[in-house]
Amino acid sequence: MTDTLYTGISQLVTPRPGPQRGRAMRELTVLEDAALLVSGGLIRWVGRRVEAPATAHERDLGGVAVVPGLVDPHTHAVWAGDRLSDFEARVEGVPYEILLARGGGIRSTMRATAAASRDELVALARPRLQALRDSGATTVEVKSGYGLDFEAELRMLEAVRELALEFTLLPTLLIHVPPSEGRAEYVRAVCEDLIPEVAQENLAQAVDVFCEKEAFSVAETQTILEAAKAHGLATKLHADQFHAVGGVELACELGSLSVDHLEASGPAQIAALAASTTVATVLPGVTLHLGLPAAPARALVDAGACVAVGTDLNPGSSPVFSSQLALALAVRLCGLTPAEALTACTVNAAAGLGLTDRGALVPGARADFLALHSADWRDLAYTLGASPVRGVYVSGQPVKEVKL
């Protein structure tokens with residue numbers, strides 16, 4: 001087991017380990033002229049360069065800032081087809097209901113995805129995941145949800161399992177859109193057939209449900225998530241994207257890992273999240289792409305909630321292929337400070353996936369970190385339109401290095 005001492009670090013910047021809430025989200029440790037010792041994929045030592053232990057293998061990063069690898073807790077990276085016609089029509093003012101009537105919208109993605117083979121889905125998703133990793137995401141959650149029929153859902157999760165040989169992925173079974181007929185039978189089959197098979201085959205670590213007026217009711221969502229818990233799977237929710245119908249309160253009551261979107265959340269939902277262990281995941285790419293109001297991340301932090309940020313990478317509402325861009329947008333659109341945004345994209349995003357072994361640069365943690373082009377870590381939140389990330393390291397090994 002080779003020890004590697006990374007030096008040439010102008011600033012080593014990290015949040016504290018574990019989920020951070022409220023004001024603690026902006027309390028970062030900043031070490032100047034630092035070094036990082038990695039062994040066996042884990043961080044063994046962090047400190048000032050002059051105090052570093054002796055080792056035979058040293059790598060000089062060239063005087064740049066180092067931060068933890070980003071964690072993307074919400075993506076839909078596996079899909080087929082495109083939504084370019086929808087995009088063009090929407091910016092011309094065509095209502096979504098008309099797009100659906102024309103055969104577009106999410107139903108078009110579901111048809112294309114259901115028609116694709118597992119190999120095709122893998123080939124389509126690979127460059128998307130590569131883009132996320134190049135942007136700084138060292139751990140990525142990937143949802144199913146574009147299949148509707150169970151075989152297609154299973155193919156999506158099988159594609160994620162294959163891609164997990166190349167990337168650090170966490171798969172989630174997403175119950176996304178109800179059928180136009182036979183809702184009760186569909187929910188029953190999800191609970192009695194799909195979830196047990198997914199759990200038995202170890203195809204997902206969590207079950208997510210889209211709880212909205214246009215999707216699943218609170219009662220249907222609770223039925224599905226109770227079935228997930230009965231089969232040893234964690235629970236997550238899409239909620240309050242368009243309407244506050246009770247999904248946030250249900251997530252808090254069930255102790256779900258996270259509840260995501262929150263664009264329509266108000267004071268009652270903010271208070272519920274602040275009093276719970278459930279992570280509030282905001283998705284600023286949706287605000288940018290659809291023009292929706294931003295999720296109340298500032299109010300959530302001020303109330304004492306644990307806030308995370310994700311890309312929501314998907315073809316319809318957030319074609320954001322960069323976790324760094326999501327971080328930068330969270331500052332501009334959601335009112336987070338750069339320090340809060342870094343915490344939201346690292347330890348808090350990890351907590352939203354049930355992970356506590358990454359997101360902070362401390363001894364014993366996974367050695368997932370980023371070397372920036374800049375000597376100042378704040379360029380991670382400042383830069384738009386170019387990548388401030390020069391190097392990406394997963395378990396201490398480089399997966400992206402830009403040669404200077």
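Remark: the backbone N or O of A199 is not paired with any side-chain donor or acceptor of E201 at under 3.5 angstrom. Between the side chain of R48 and the backbone N or O of E32, at least one donor-acceptor pair lies under 3.5 Å. Proximity of a side-chain donor or acceptor of R44 to a complementary backbone N or O of L37 within less than 3.5 Å is not detected. A distance-only check finds a donor-acceptor pair linking the side chain of T343 to the backbone of M25 [under 3.5 Å]. Between the side chain of D379 and the main chain of Y382, no donor-acceptor pair closer than 3.5 Å is present. When atom types are taken as modelled, the side chain of Q324 and the backbone of T383 share a donor-acceptor pair closer than 3.5 angstrom. Formation of a donor-acceptor pair under 3.5 Å by the S10 side chain with backbone atoms of A375 is found in this model. At least one donor-acceptor pair under 3.5 Å links the side chain of R21 to the backbone N or O of A274. R183 contributes no side-chain N or O that, together with a main-chain N or O of P179, makes up a donor-acceptor pair within less than 3.5 Å. Panel note: side chain Q20, backbone P17; a donor-acceptor pair is recorded below 3.5 Å.
Of the candidates L36, L12, V46, D60, Y6 forms a side-chain contact (heavy atoms from CB on, under 4.5 Å) with just one, namely L36. When L174, V142, T113 are each tested for a side-chain contact (heavy atoms from CB on, under 4.5 Å) with H76, only one passes: L174. With T139 as reference, D368 is the one residue of L132, V394, D368, D357 to meet the side-chain contact (heavy atoms from CB on, under 4.5 Å) rule. Each of T281, V279, L273 was compared with C306 under the side-chain contact (heavy atoms from CB on, under 4.5 Å) criterion, and only V279 meets it.
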(request) Any chance you could lay out the side chain to side chain contact (heavy atoms under 4.5 Å, CB included) test for E401 and Y393, step after step, and finish with the verdict? (result) CA-CA 9 Å; E401 285 188 311; Y393 301 81; 2.7 Å; yes
(request) For the pair T14 and V30, evaluate side chain to side chain contact (heavy atoms under 4.5 Å, CB included) and give the outcome as yes or no after the intermediate values. (result) CA-CA 7 Å; T14 181; V30 180; over 6 Å; no
(request) Check step by step if side chain to side chain contact (heavy atoms under 4.5 Å, CB included) holds for I224 and V207. (result) CA-CA 8 Å; I224 294 168; V207 174; 4.1 Å; yes
(request) Any chance you could lay out the side chain to side chain contact (heavy atoms under 4.5 Å, CB included) test for C191 and T223, step after step, and finish with the verdict? (result) CA-CA 8 Å; C191 296; T223 296; 3.8 Å; yes
(request) Could you please spell out the steps behind the salt bridge (Lys or Arg N to Asp or Glu O under 4.0 Å) verdict for R188 and E220? (result) CA-CA 10 Å; R188 178 195 55 76; E220 290 168 333; over 6 Å; no
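Taking CZ of F216 as the start and CG of L225 as the end, the distance is 10.5 Å to the nearest 0.5 Å. Note that NZ of K400 and CZ of R390 are 10.5 Å apart. Values are rounded to the nearest 0.5 Å. The CZ atom of F369 sits 7.0 Å away from the CD1 atom of I9 when rounded to the nearest 0.5 Å. The structure places CE of M156 at 15.0 Å from CZ of R161, a figure rounded to the nearest 0.5 Å. Atom-to-atom distance recorded for E214:CD and H243:NE2 is 5.5 Å, nearest 0.5 angstrom. Rounded to the nearest 0.5 angstrom, T337 OG1 and L28 CG are separated by 8.0 Å.
By the 4.5 Å heavy-atom criterion applied to side chains, L194 and L154 are counted as neighbours. You'll find the side chain of V78 stays beyond 4.5 Å of the side chain of L157, heavy atoms only. For the pair H261/V282, no side-chain contact is recorded, criterion being any heavy-atom separation below 4.5 Å from C-beta on. Contact of the D376 side chain with the Q11 side chain is registered, since non-hydrogen atoms from C-beta on lie closer than 4.5 Å.
In this structure, E181 places its CD atom where only 12 or fewer heavy-atom neighbours from other residues, nucleotides or ligands lie under 6.0 Å away. Atom CZ of R23 has 12 or fewer heavy atoms from other residues, nucleotides or ligands within 6.0 Å. Sparse packing is recorded around CD of E197, with 12 or fewer heavy atoms of other residues, nucleotides or ligands lying under 6.0 Å away.
Under 3.5 Å, the side chains of Q241 and E212 contain no donor-acceptor pair of N or O atoms. Side-chain polar atoms of S39 and D3 form a donor-acceptor pair below 3.5 angstrom. Checking D312 against S318 by side-chain atom types alone, no donor-acceptor pair falls below 3.5 Å.
For residues 111-138, the salt bridge (Lys or Arg N to Asp or Glu O under 4.0 Å) pairs, not counting sequence neighbours, are R118-E162, R126-E166.
Taking the six-membered ring for Trp, H289 and F87 have ring centres closer than 6.0 Å.
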I'd like a table of donor-acceptor pairs (distance under 3.5 Å, sequence neighbours excluded) in which one partner is a side-chain atom from residues 232-239, with atom names and distances.
from: T235; atom 1: OG1; to: S256; atom 2: OG; distance (Å): 2.8
from: K236; atom 1: NZ; to: S258; atom 2: OG; distance (Å): 2.8
from: K236; atom 1: NZ; to: G352; atom 2: O; distance (Å): 3.1
from: H238; atom 1: ND1; to: D208; atom 2: OD1; distance (Å): 3.2
from: H238; atom 1: ND1; to: D208; atom 2: OD2; distance (Å): 3.0
from: H238; atom 1: NE2; to: H74; atom 2: NE2; distance (Å): 3.3

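A salt bridge does not link R155 with E153: every distance from a Lys NZ or Arg NE/NH1/NH2 to an Asp or Glu carboxylate oxygen is 4.0 Å or more. Ion pairing between a basic and an acidic side chain is recognised when a charged N comes within 4.0 Å of a carboxylate O; R83 and E88 show no such pairing.
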